[in-house]
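A quick write-up on the structure given underneath.
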Amino acid sequence: QVRLVESGGGLVQPGGSLSLSCAFSGGNFRSYTVGWFRQAPGKEREFVAVIRRNGASTHYEDSVKGRFTISRDTAKNTVYLQMNNLRPEDTGVYSCVADSGVILSSIRRADQYDYWGQGTQVTVSS
């Protein structure tokens with residue numbers, strides 16, 4: 001059974017940086033597309049970023065392009081989300097997701113991912 005464990009959330013001032021980690025276990029890491037979704041209080045869950053299996057490509061939500069970078073380390077079975085120039089609207093619970101069968105056209109849909117982490121809180125505030 002695939003298990004995802006996030007870490008790295010916290011409180012940061014606007015313009016600051018945070019790095020999130022997602023530790024993957026219980027499956028063949030290289031075969032899974034892994035990404036991040038976030039949910040702010042009172043808002044719907046939204047896609048943030050994803051890196052396809054074998055690192056074939058990366059995809060980002062428009063508002064985080066140029067500020068966030070997703071990467072994967074196959075030696076550590078871990079996916080990272082480096083977040084720079086953070087804004088108050090980036091605040092939310094960030095959840096790591098994984099799936100081995102999601103196709104490119106559906107990569108931004110939360111219902112396409114079978115596995116979810118418990119989430120980590122990111123708060124951007126002065």
Side-chain angles (χ1 to χ4, degrees):
Q1 181 77 355
V2 169
R3 184 169 181 240
L4 306 171
V5 179
E6 303 100 333
S7 59
L11 172 65
V12 64
Q13 292 187 344
S17 298
L18 279 176
S19 181
L20 304 183
S21 299
C22 174
F24 175 102
S25 62
N28 183 354
F29 181 62
R30 292 175 184 267
S31 297
Y32 281 76
T33 291
V34 183
W36 295 89
F37 283 75
R38 67 187 179 189
Q39 188 166 22
K43 294 188 177 180
E44 292 191 357
R45 180 181 289 152
E46 68 172 350
F47 169 79
V48 177
V50 68
I51 184 165
R52 294 183 67 200
R53 54 188 180 183
N54 292 322
S57 60
T58 58
H59 305 268
Y60 297 91
E61 194 269 330
D62 285 346
S63 71
V64 309
K65 284 180 182 177
R67 300 188 297 122
F68 290 12
T69 303
I70 189 169
S71 61
R72 63 195 296 161
D73 184 337
T74 54
K76 296 182 178 180
N77 282 7
T78 299
V79 167
Y80 303 97
L81 184 67
Q82 177 64 41
M83 306 185 294
N84 298 327
N85 192 20
L86 283 159
R87 305 168 180 169
E89 54 265 38
D90 294 317
T91 294
V93 176
Y94 283 67
S95 297
C96 181
V97 300
D99 197 275
S100 62
V102 60
I103 60 175
L104 182 58
S105 60
S106 300
I107 212 162
R108 298 167 185 264
R109 290 175 48 183
D111 63 357
Q112 297 297 297
Y113 294 87
D114 284 341
Y115 301 102
W116 290 71
Q118 82 284 357
T120 186
Q121 176 70 44
V122 171
T123 302
V124 185
S125 175
S126 55

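This one's a predicted model, so the numbers in the text were calculated from it and none came from an experiment.
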Joint hydrophobic cluster, Val48 plus Met83, side-chain heavy atoms closer than 4.5 Å: yes

Connected via hydrophobic side-chain network under 4.5 Å: Phe68 and Val97: no

Rounded distance (nearest 0.5 Å) linking atom CG of Asp99 with atom CZ of Arg52: 12.0 Å

Partner residues of Glu46 under the side chain to side chain donor-acceptor pair (under 3.5 Å) criterion, sequence neighbours left out: Arg38

Hydrophobic cluster identity match, Val79 and Val50, side-chain contacts under 4.5 Å: no

Those residues that, when tested against Val124, pass side chain to side chain contact (heavy atoms under 4.5 Å, CB included) (two or more places apart): Val12, Pro14, Leu86, Pro88, Asp90, Thr91, Val122

With Thr120, the side chain to side chain contact (heavy atoms under 4.5 Å, CB included) member among Val5, Leu20, Val93, Leu18: Leu20

Glu6 side chain vs Gln118 backbone, donor-acceptor pair below 3.5 Å: yes

Disulfide bond (SG atoms under 2.5 Å apart) contacts touching residues 40-90 (sequence neighbours left out): none

Check against side chain to side chain contact (heavy atoms under 4.5 Å, CB included), Tyr113 and Thr33: CA-CA 9 Å; Tyr113 294 87; Thr33 291; 4.2 Å; yes

Ring center gap for Phe24 and Tyr32 short of 6.0 angstrom: yes

NZ or CZ of Arg3 within 45° of Trp116 ring axis and under 6.0 Å: no

Check: Val102 and Arg53 side chains under 4.5 Å, non-hydrogen atoms: no

Pair Asp73, Thr78: side-chain N/O donor-acceptor within cut-off below 3.5 Å: no

Joint hydrophobic cluster, Tyr60 plus Leu104, side-chain heavy atoms closer than 4.5 Å: no

